Structures are given as C-alpha cells and as structure tokens.
Amino acid sequence: MGLDLRADPIALTAALVDIPSESRHERRIADEIEAALRVQAPHFEVIRNGDAVLARTHLGRPSRVLLAGHTDTVPVADNLPSRVEDGLMYGCGTSDMKSGDAVFLHLAATLAEPTHDITLVMYDCEEIESSANGLGRIERELPDWLTADVAILGEPSGGFIEAGCQGTIRVVVSAAGTRAHSARSWLGDNAIHKLGAVLDRLSRYAARSVDIDGCVYREGLSAVRIDGGIAGNVIPDAASVTVNFRFAPDRSIDQAVAHVYEVFDGLNVSLEVTDAAAGALPGLTNPAAASLVAAAGGQVRAKYGWTDVSRFAALGIAAVNYGPGDPNLAHKVDEHVDIAAITATTDMLRAYLTA
Ligand SMILES: [Zn+2]
C-alpha cells in the first residue's frame, strides 16, 4: 500500500516519517510521492528531477502559489518509527519537515477548486552542503518550474509566517605593528594593543531594529574570533578580530560592507571581507502575499537565519516559511511535532488557497 494523500495529514506525516530519507537517500520517498501524486492528484502535471518530484496545475488562475518542502532529514538517531504520545508525534523529520510536506501533499490531492494555480516542489538534499541542494539544481535545470507570485516553504516556523531573512558578512579587522623583545618593548609597536580601539567601537555600537512590512529585523555587529600573539616574551606585530555583521534585508551586501568600514573609520587597521550572503526582503506587500498574511491572522515575524526562502527572494518571488513544526526542535533526538499544529496549518492554508 502506497501513500494515501487524502488521509488525515497527521496520518500522512507518520507515513512519510516512517520512510527513512537521510540526505542523498531520498529515492524511495520520491518514488512513493511521485506514484501517489500521479494517481491521486490527476489535475497536476507531475515530473521527476533526480530525487525531486514537481507537480503543477494549469487552471489559468491570476496568481500562482508555490509550495516547497524538502524530503530529506538529518541522520536518524534511533528515533524511527514515529510514535504519538500526549498529542505529540515523535521521530526524525516530524518537525523538519515531513509534517509540512504532508500538509502540502494533502492539499494538492484534496483542493478541488483552488483560487490560485499551485506548484508543488518536493526536493532532496536540503540538510547538507548547498552545492547538493535539490532546489538549486531545479533552479539551474528547470527554472520555469520556479515561477510564482508567492513561495511557501513548509519549514518549521511554530505557526508563524516567517518572512525574509537577514544577511550576513564576516570581516577580518587586522592591526599591524613591529615585533620586538618584550624586555625592550619601546623598540616594538604592539598590534594587539591596537585592537583595543576596535573592541571599544564594537561594545559601543548601537544596532538598528528595522521594521519592514511588519517584520522587525534586529541587526547585530559582533566580534566572533580574535587572533594574535607570538610568544610570552615577544611584542606581536599582527593581530586581528573577526567581526560578523547580521544585517536587515534593506541593506545590500555592498551597503553592509560600507557600513562596517564606516564603523571602524579612522582606526589604524585594515579590513578584509571573507564571507557574505545577502538577506531577503519579506516582500509581503504583493496581493497574493498580503492575503496569506491576512489568512494567518497577521501572525508574521522576521526570519533570522538563512534558509531556502532566500533563493526565492533572489528570484524576485515573495517567500515565507510556514510549517507546523517547531524550529527549536529540528535536528534533535527528541524531535517532535504537535499534531494539533498539523491540523491548524492545513486549515489555514486550505482557507488561503480557496479564498
Ligand atoms: Zn528543514
């Protein structure tokens, strides 16, 4: 017996969880999802790409909503098969994110007259290095499958619509000096001492909070590493602080870098950017996204970490995380999902997709 997409999404969550699918081992779960969609969602065009399954309607609606979920999990930690206890379903992938997948698959098979066209993307390899990410592969090989007005990722979001995400850059702030024996310190120039001014700027730094489309993003500029020193009797000629700037998505990477240069302006140090990832604007003002926010009763908050939402934002598509799981439980041995949240998420999305 294969997957029953029309069954209660709670039962469907359990069925998906009980198919082990650690990253790079998603063939079986993809086979089962593909077979079920072909039979149980006949109004969808279904294709396969590697171990991803894609399906979409062609109803001629004025807008398209893309529902995306990864089918892989982190390695099982002796926590399969799933079990339900006191209204909680335990097991690897219950929260991150097979409960979200189950909601999407159930809606695809049961929504007779959606008011938006729907694209469903069930993809592989989200939990490992980003070069293997199935969504990235689909973007390269099947870009027309990723056109939509709104993208909803079923990642655990605790019942909130989590929109956009902050950007991040890492900058190494280096000071140079002159090496000398510490017994004759006046012959040297101490690079570590010069970092005092850098740390002083950091501790006095007032971070912004920025409200964009009702989501508040809290920035942070933090020292995350410090390097320096040669030996117990040597004045060091080099020292550095690595600074991480988490910035609101109203700044571009270039603007974020310029801001960090400004913060350390006038100090005798050099700066090098070693890592950068752009943020994503929430984009909740477009009508299809605004009605999603309304359907969720305005339960919207900013997303702080970097997720696949950013891929859609880079494509100019409003994208949010919205799934029944709890983000604090992802990847934990006692990972679980509140089964009432699976029902609530299903009801909310059904209302949105048929309003
Ligand atoms: Zn996830």
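Atoms within a ligand are numbered from 1 in the order they appear, just like the ligands themselves. By convention here, the first residue in the shown sequence is residue 1. This one's a predicted model, so the numbers in the text were calculated from it and none came from an experiment.
Within the 2.8 Å limit, E126 places no N, O or S atom next to the Zn ion (ligand 1).
Of all N, O or S atoms in D96, the one lying closest to the Zn ion (ligand 1) is OD1. Restricting E155 to its N, O or S atoms, the one at the least distance from the Zn ion (ligand 1) is OE1.
A donor-acceptor contact closer than 3.5 angstrom links the side chains of T168 and N244. Side-chain contact of T94 with H336: a donor-acceptor pair under 3.5 Å is absent, judged by distance alone.
A heavy-atom distance below 4.5 Å is found between the side chains of V150 and Y352.
Remark: the backbone N or O of S82 is paired with a side-chain donor or acceptor of D18 at under 3.5 angstrom.
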